[in-house]
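Structure first, then comments.
Everything numeric in this text was worked out from a predicted model, so none of it was measured. Residue numbers count from 1 along this sequence.
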Amino acid sequence: MAALSWQKSSYSSESINCVFVAAVSDGAVAIRESDEPDVVITTQPDKLRALLRGVKAGEFDHLTA
């Protein structure tokens, strides 16, 4: 993957648990976490948008670790 311009989530604090996103040249979105920066996942913007809407709506609140 070519060098990406990573942007830290505005919800991430200054701690080590930060989420970063970057636009990929093919229109996809790359996502990584600060504690494992070499692990990168990619998805399409519409799929990420659906996930974020679900999280905000509480669709996953019933899941437990």
More than 12 heavy atoms of other residues, nucleotides or ligands under 6.0 Å from CD of Q7: yes or no?
no
In chain order, what residues pass the side-chain contact (heavy atoms from CB on, under 4.5 Å) check against [X], with sequence neighbours excluded?
{"X": "E33", "answer": "D35"}
{"X": "A23", "answer": "none"}
{"X": "D26", "answer": "V24, A28"}
{"X": "K8", "answer": "S12, E14, C18, F20"}

Before you tell me yes or no, could you show the steps for V55 and F60 under side-chain contact (heavy atoms from CB on, under 4.5 Å), namely the whole-Å CA-CA distance, both residues' side-chain angles and the distance that decides it to 0.1 Å?
CA-CA 6 Å; V55 168; F60 308 102; 3.8 Å; yes
When rounded to the nearest 0.5 angstrom, what is the spacing between CG in D38 and CZ in R32?
8.5 Å
Quick check for you: to the nearest 0.5 Å, what is the distance between L51 atom CG and D46 atom CG?
11.5 Å
What pair of heavy atoms forms the shortest contact from A22 to S5, and how long is it?
CB-O, 3.5 Å
Stepwise side-chain contact (heavy atoms from CB on, under 4.5 Å) check, I31 with V40:
CA-CA 6 Å; I31 306 167; V40 177; over 6 Å; no
In terms of hydrophobic clustering (I, L, V, M, F, W, Y; side-chain heavy atoms under 4.5 Å; direct or indirect links), are L52 and I41 co-clustered?
yes
Show the numbers, then the answer: is there a side-chain contact (heavy atoms from CB on, under 4.5 Å) between Q44 and K47?
CA-CA 5 Å; Q44 294 302 312; K47 303 293 184 188; 4.2 Å; yes
